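Here is how names work: the chains are called A, B, and so on, in the same order as the sequence lines, proteins then strands, and each is numbered from 1. Because the structure is a prediction, the values reported are computed rather than measured.
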Amino acid sequence: MPRRYWLMKVEPEAYTIEDLERDGRTSWEGVRNYQARNFMRDQMQVGDGVLFYASNASPSGVTGLATIARAGYPDRTAWTKGHTYFDEGSDKANPTWYMVDIAFEERFPEIVPLETLKGTKGLENMMVTKKGSRLSVQPVTKAEYDIVARLGRKRVPGGNR
DNA sequence: GCCAACGTTGGC
DNA sequence: GCCAACGTTGGC
């Protein structure tokens, strides 16, 4: 199966690329959206590329790269009473929610802000650049992934602003 | 903190 | 199955 590529959002208050660099690897529990769930459960494979996106940040943008380290498996936080991600309706025999693990790959020297993504040729069709795109797990093309990776690695004197 | 856009819920 | 109300996301 060819390598696929994804963009995964997280608020810096919850987790950052620095955290991932420190941890090396982390589990991505807590996704409670069916479309995102389907991507994690049905399509993500070990080795897939991930654009790590900081949402609700100033600015928001892609802060680094990761890879899928474990393909979709049931999100057991949905069964933990009292847990933030507890979901009464999730059946253990037929789990509603799935998670994956991701591994650190690279931290960009500077964030690639959403503004930059919006203004970069070749990224016009990226979901994240479109207004009202709330999906927290999005597929991206290899071409888009490569463009963003190149932007992230580019060192600009005085910073990438 | 505001608020537009979106996904989900629930009454009918 | 429609759709208004509601809660959440996320850019600004």
Under 4.0 Å between a side-chain N or O of A/Lys9 and OP1 or OP2 of C/dG10? yes

Short side-chain N/O contact to B/dA5 OP1/OP2 from A/Lys131, under 4.0 Å: yes

To the nearest angstrom, how far is A/Arg32 atom CZ from C/dG10 atom P? 15 Å

cation_pi(A/Arg3, A/Tyr145) dist<6.0 Å, angle<=45: yes

Tell me the interatomic distance from A/Leu114, atom CG, to C/dT9, atom C1', rounded to whole angstroms. 14 Å

By nearest-heavy-atom nucleotide on DNA chain B, the more 5' of A/Ser133 and A/Asn56 is A/Asn56

On the six-membered ring of A/Phe104, is A/Arg107 placed so that its NZ or CZ lies under 6.0 angstrom from the centre and within 45° of the ring axis? no

Atom CD of A/Gln35 and atom P of B/dA5: how far apart are they, to the nearest Å? 19 Å

Rounded to whole angstroms, how far apart are CE on A/Met126 and C1' on C/dG11? 16 Å

Counting side-chain heavy atoms from C-beta on, which of B/dA4, C/dG11, B/dG7 comes nearest to A/Ser60? C/dG11

Quick check, are the ring centers of A/Tyr98 and A/Trp28 under 6.0 angstrom apart? no

Rounded to whole Å, NZ of A/Lys130 lies from P of C/dG10 at a distance of 17 Å

Using a heavy-atom cut-off of under 4.0 Å over every strand shown, decide if A/Lys118 touches base, sugar-phosphate, or nothing. sugar-phosphate

With a 3.5 Å cut-off and no angle check, do the side chains of A/Glu124 and A/Thr129 form a donor-acceptor pair? no

Round to a whole Å and report the spacing from CG of A/Asn33 to C1' of C/dG7. 14 Å

Is A/Tyr53 near enough to C/dT9 that one of its side-chain N or O atoms lies under 4.0 angstrom from OP1 or OP2? no

In whole angstroms, how far is the P atom of C/dT8 from the CG atom of A/Leu135? 18 Å

